[in-house]
> 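I'd like to ask you about the structure that follows.
Just so it is clear, the model here is predicted, and its values are computed rather than measured.
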Amino acid sequence: MTSANPSYPAAGPLADLWSGEFAPRQPLALVVLPQVGFALAHHPPASPPGAPVTLTVPASEPGEAAGLLAEIERRCAPRWVWWSAPTTAAVPLAARVRLGACWDLAAVHRLLHGGRRDDPAAVWAAAAGLPAPPPPPRSTGIARVAQGQLGLWEGTGDGPATGPRRISAGVAADDDGGGADAGGAFGNGPLAADGQLDAGWLHRAATPGEALRRATSLAMLALHTQDRQQAALGSLPDRRARPGRITLAVLTARAESAAELLVRELERDGLPVDRAVAETLLGEIVGPPPHTGADELAARRRDAPVLAHLRGPVDLRNPAAVRAALRTVGIDVPDTRSGRLEPLRDAHPAVAALLTWRRTERIATTYGHRWLDTHVGPDGRLRGAWHASDGAAGRMTAQAGLHNLPADLRVAVVAEPGRVFVRADLGQIEPRVLAVVSADPALAEATRADDMYAPVAVQLGRDRPQAKIAVLAAMYGQTTGSAGEALRRMRRAYPTALAYLDDADAAGRAGRDLRTYGGRRIRLAPAPRPPRGLTDPAPPDEASPVAGGIPETARGRFARNAVIQGPAAELFKAWAVTVRAELPALDGEIVLCLHDELLLQVPAAHADAAADLLHRSLAATATYWAAGSGVRFVVEVSILRRWSDAVH
DNA sequence: TTCCCAACGTA
DNA sequence: CGTACGTTGGGAAT
């Protein structure tokens with residue numbers, strides 16, 4: 001706790017907050033102005049509708065702000081509502097203050113509406129039923145953050161950064177008074193005449209005090225936006241719905257919001273890597289780290305064994321040149337991929353030499369000494385940027401090689417002294433997810449087995465490998481006809497599951513948008529062009545990833561995959577954030593998320609408790625996520641000193 | 001400088 | 001069987 005003033009909570013503005021009115025997990029909107037303070041808005045159950053209560057809390061030191069937020073977290077346990085985690089949660093994250101439950105308006109907006117854009121103006125417009133506003137101008141660095149996001153205020157107190165600017169019909173009043181508008185009682189300060197959110201309004205405040213007052217308007221607007229998002233999610237179809245049961249889409253929104261916090265923690269804390277082990281390993285594979293230009297040239301001598309088998313100088317890094325060179329020695333291939341060349345390994349010594357060279361070169365260029373220096377900090381943590389929901393299906397993504405680290409390098413991922421890894425891997429998550437989302441009773445029955453391909457094989461009258469291929473062919477759309485008969489039997493044995501997949505396929509071909517089981521919108525229709533501002537050079541490409549020249553069959557496979565991969569990602573994240581919530585009690589942390597695998601680091605003494613937590617969390621998550629489906633999920637948990645000890 | 005491709009790593 | 005994503009070097013387009 002870094003709060004400088006222990007007497008503060010007893011009096012002052014926050015005293016109202018813990019006077020007994022605040023129910024746990026009640027929404028509490030937060031807008032943070034670093035170096036200034038923060039603004040809060042909440043809606044006491046007793047107060048009349050549309051009359052939120054706001055507070056401003058001055059705190060010039062980030063540590064003081066973080067301490068106060070920690071105190072609110074401890075005493076009120078709210079559901080924090082913010083426009084976006086990267087900006088708003090930066091202060092508590094830097095102070096290692098853990099906030100539990102949140103509602104990330106940007107993340108929920110992407111869930112509800114798809115697409116990539118999630119700046120406050122776009123989020124508000126969608127929640128208010130307004131047309132999408134013109135995209136913020138493209139810029140870079142700090143300017144980009146300040147333009148697109150609320151919660152950063154960089155004013156110095158000696159005047160507005162840009163002069164006060166009237167927008168539209170001059171309704172961007174600086175006070176909180178004003179007439180009715182699309183939003184209701186929160187005042188029209190940040191809203192223009194057309195109801196759109198003016199994202200620059202906060203930053204144009206003349207003084208820190210004025211900025212803090214404006215922040216309360218944005219906190220009220222956040223609260224209102226949350227309300228609308230929750231209503232929209234609550235009205236989505238939910239097969240599990242029962243009176244009094246929260247709909248899955250709302251639960252997904254909560255999990256996706258928490259996942260945004262989780263990835264900020266992953267970025268902050270990184271993955272433990274033993275640098276000495278990594279350097280030794282790299283030395284064996286690619287040689288010593290290059291310190292000089294001469295060393296770089298020496299590295300190119302790795303080419304020699306391959307070139308010895310070919311005529312003349314060949315640029316091995318240029319696939320076209322490699323293909324041409326191979327043709328001169330009698331190897332004629334349409335491309336030079338390893339899968340293509342592997343069968344020809346013995347046809348000419350150049351092929352084997354090339355394949356060996358490729359493997360080494362991959363390590364040297366992508367995961368070599370430079371990668372180590374760039375991404376592993378002095379504290380032995382590998383750090384990269386994360387997205388909590390990315391791409392078509394809303395999977396987590398990570399940079400710096402965190403998601404595509406070659407298996408050979410995993411020996412260098414070593415738990416720190418006194419601590420161990422606890423690794424958990426969801427088994428056969430995709431076919432199990434298919435059983436849930438399609439509500440196929442026969443497939444659900446198969447999930448009762450630890451290895452569900454075994455009962456499927458019995459059902460199909462085929463062996464296990466054939467059964468597995470049939471399931472995968474159904475889920476992802478086969479193009480080569482090797483699974484024909486097995487697939488026909490699959491269709492007869494599991495008609496409900498196959499119909500679900502066929503529907504998705506048809507939607508993909510027709511360009512109809514889909515929703516995942518958890519409510520995420522998958523854009524398949526060509527996006528309408530956003531209104532173009534007069535000065536905007538070109539709007540960023542917001543077209544759906546599968547629009548345009550991609551053939552129908554590919555769009556069908558894409559959609560087929562998205563309705564499985566998407567819900568699998570939603571289940572995974574719901575599980576992960578449940579684990580996260582309980583880990584502080586064990587002094588543990590999540591250090592890696594890998595689509596169906598969680599890697600924890602915990603004190604050795606708590607390893608068994610962490611393993612138990614992973615099992616219990618999955619059971620708890622599946623209970624609501626797969627309610628009524630009869631589908632069983634399985635997780636394999638192991639306790640390890642190094643990641644490579646994992647059984648695969 | 002920006003964008004696309006080929007190739008290959010992970011799930 | 002297929003899908004997803006990140007990273008690299010090379011080359012073409014700008």
Side-chain angles (χ1 to χ4, degrees), chain A residues 138 140 299-300 303 314-323 333-342 354-355 357-368 370-371 374-375 384-387 389-410 413 425-431 433-434 465-484 486-487 490 501 504-505 508 522 538 541 545-546 550 553-566 568-569 572 592-599 643 646 648:
Chain A
R138 289 184 61 158
T140 54
R300 291 243 161 184
D303 300 8
V314 179
D315 183 355
L316 297 180
R317 293 156 191 81
N318 182 341
V322 170
R323 187 179 166 224
V333 282
D335 59 69
T336 68
R337 291 178 150 84
S338 61
R340 184 87 65 184
L341 292 176
E342 196 61 51
L354 177 66
L355 289 169
W357 175 85
R358 280 250 179 91
R359 209 171 143 75
T360 307
E361 192 67 7
R362 164 69 44 183
I363 301 284
T365 55
T366 307
Y367 305 101
R370 190 181 59 190
W371 167 77
T374 308
H375 298 112
W386 285 76
H387 285 279
S389 76
D390 202 7
R395 271 187 165 189
M396 284 184 169
T397 56
Q399 292 173 326
L402 281 159
H403 271 181
N404 41 6
L405 201 68
D408 293 346
L409 290 184
R410 293 183 179 188
V413 179
D425 195 89
L426 295 179
Q428 304 168 340
I429 182 175
E430 293 190 334
V433 161
L434 172 60
Q466 284 183 314
K468 181 174 179 177
I469 287 172
V471 171
L472 296 178
M475 281 196 289
Y476 306 137
Q478 64 157 20
T479 51
T480 58
S482 59
L487 194 55
M490 187 76 197
L501 293 164
D505 195 296
I522 299 168
D541 184 25
V546 288
I550 296 165
T553 51
R555 298 205 312 252
R557 283 199 304 275
F558 170 88
R560 205 177 259 274
N561 179 258
V563 295
I564 304 297
Q565 196 185 91
F572 175 81
L592 192 69
C593 296
L594 197 49
H595 306 313
D596 62 357
E597 175 178 345
L598 263 180
L599 195 65
W643 194 16
H648 250 311

> When you measure from the side chain of A/Arg410, which nucleotide among C/dT8, C/dA4, B/dA11 comes out closest?
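Looking only at heavy atoms from C-beta outward on A/Arg410, the closest nucleotide is B/dA11.
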> A/Gln399: what forms a side chain to side chain donor-acceptor pair (under 3.5 Å) with it, not counting sequence neighbours?
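Applying side chain to side chain donor-acceptor pair (under 3.5 Å) to A/Gln399 gives none.
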> Pull out every residue in residues 398-405 of chain A that has a heavy atom closer than 4.0 Å to any atom of DNA chain C, ordered by number, or say none.
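When residues 398-405 of chain A is checked for heavy atoms under 4.0 Å from DNA chain C, the hits, listed by number, are A/Ala398, A/Gln399, A/Ala400, A/Asn404.
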> Not counting sequence neighbours, which residues clear side chain to side chain contact (heavy atoms under 4.5 Å, CB included) with A/His595? List them please.
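A/Arg395, A/His403.
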> Report the C-alpha separation of A/Asp303 and A/Arg317 in whole Å, then their side-chain angles, then the decisive distance to 0.1 Å, and conclude whether the side-chain contact (heavy atoms from CB on, under 4.5 Å) test is met.
CA-CA 10 Å; A/Asp303 300 8; A/Arg317 293 156 191 81; 3.0 Å; yes
> Check nucleotides 11-14 of chain C for protein N or O atoms closer than 3.5 Å to its own N or O atoms and list the pairs.
from   : atom 1 : to       : atom 2 : distance (Å)
C/dG11 : OP1    : A/Asn318 : ND2    : 2.5

> Restricting to side chain to side chain donor-acceptor pair (under 3.5 Å), what partner residues turn up for A/Arg370, sequence neighbours left out?
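Testing A/Arg370 for side chain to side chain donor-acceptor pair (under 3.5 Å), a comparison that skips the adjacent residues, returns none.
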> Whole-Å distance between B/dA6 P and A/Arg358 CZ?
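Going from CZ in A/Arg358 over to P in B/dA6 covers 13 Å.
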> For A/Arg362, report the nucleic acid contact type (base, sugar-phosphate, nothing); a contact means any heavy atom under 4.0 Å.
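Base: the residue A/Arg362, judged by heavy atoms under 4.0 Å, touches a nucleobase.
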> Return the nearest nucleotide to the side chain of A/Asp335; candidates are C/dT3, B/dA11, B/dA7.
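For the A/Asp335 side chain, the nearest candidate turns out to be B/dA7.
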> Which residues pass the side chain to side chain donor-acceptor pair (under 3.5 Å) test with A/Arg323, not counting sequence neighbours?
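Residues passing side chain to side chain donor-acceptor pair (under 3.5 Å) with A/Arg323: none at all.
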> Quick one: A/Arg555 CZ to C/dA4 C1', roughly how many Å, whole number?
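The answer, rounded to whole Å, is 18 Å.
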> Tell me if a side-chain donor or acceptor on A/Trp371 pairs with a main-chain N or O of A/Ala400 at a distance below 3.5 Å.
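Yes, the answer is positive, given that a donor and an acceptor are paired below the 3.5 Å cut-off.
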> Nearest to the side chain of A/Arg317, heavy atoms from C-beta on, is which of B/dA7, C/dA4, C/dG10?
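Of all the options, the side chain of A/Arg317 is nearest to C/dG10.
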> Assign A/Arg560 to base, sugar-phosphate, or nothing according to its heavy-atom contacts below 4.0 angstrom with the strands shown.
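Since no nucleic acid heavy atom lies under 4.0 Å of A/Arg560, the category is nothing.
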> From B/dA11, C/dT7, B/dA7, pick the nucleotide closest to the side chain of A/Pro319?
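Nearest listed nucleotide: B/dA7.
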> Rounded to the Å, how far apart are A/Ile564 CD1 and C/dC1 C1'?
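Computing the A/Ile564:CD1 to C/dC1:C1' distance gives 15 Å.
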> Contact class for A/Arg370 vs. all strands (heavy atom < 4.0 Å): base, sugar-phosphate, or nothing?
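Sugar-phosphate only.
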> Just to be sure I understand the rule, does A/Ala321 reach a base, reach only the sugar-phosphate, or reach nothing, if contact means heavy atoms closer than 4.0 Å?
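Since no nucleic acid heavy atom lies under 4.0 Å of A/Ala321, the category is nothing.
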> Round to a whole Å and report the spacing from CG of A/Leu355 to C1' of B/dC8.
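A/Leu355 atom CG is separated from B/dC8 atom C1' by 12 Å.
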> Return the set of residues passing salt bridge (Lys or Arg N to Asp or Glu O under 4.0 Å) with A/Asp505 (not counting sequence neighbours), or none when no residue passes.
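A/Arg509, A/Arg560.
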> Between C/dA4, B/dC8, B/dT10, which nucleotide gets closest to the side-chain atoms of A/Ser338?
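Nearest listed nucleotide: B/dC8.
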> Nearest whole Å is fine: how far is B/dA7 P from A/Arg359 CZ?
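Roughly 18 Å, once rounded to whole Å.
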> Looking at residues at least two apart in the chain, or sitting in another chain, which of them share a side chain to side chain contact (heavy atoms under 4.5 Å, CB included) with A/Pro406?
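Testing A/Pro406 for side chain to side chain contact (heavy atoms under 4.5 Å, CB included), a comparison that skips the adjacent residues, returns A/Ile363, A/Tyr367, A/Leu409.
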> Starting from P on B/dC8, measure out to CD on A/Glu342 and report it in whole angstrom.
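Taking CD of A/Glu342 and P of B/dC8, I get 10 Å after rounding.
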> Expressed as a whole number of angstroms, how long is the span from A/Leu316:CG to C/dG9:C1'?
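Spelled out: CG on A/Leu316 to C1' on C/dG9 is 12 Å.
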> Closest approach to the side chain of A/Asp596, judged atom by atom: which nucleotide of C/dT3, C/dT8, B/dA11 is it?
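Closest of the options to the side chain of A/Asp596: B/dA11.
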> On DNA chain C, nearest-nucleotide positions of A/Leu472 versus A/Gln565: which is more 5'?
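Its nearest nucleotide lies further toward 5', so the answer is A/Leu472.
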> For a 4.5 angstrom cut-off between non-hydrogen side-chain atoms, does A/Val413 reach A/Leu405?
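In short, these two side chains touch, coming nearer than 4.5 Å.
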> Starting at CG of A/Leu598 and ending at P of B/dT10, how long is that distance when rounded to a whole Å?
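A/Leu598 atom CG is separated from B/dT10 atom P by 19 Å.
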> Considering residues at least two apart in sequence or located in another chain, which fulfil the side chain to side chain contact (heavy atoms under 4.5 Å, CB included) criterion with A/Thr366?
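Per chain and number, A/Thr366 pairs via side chain to side chain contact (heavy atoms under 4.5 Å, CB included) with A/Arg362.
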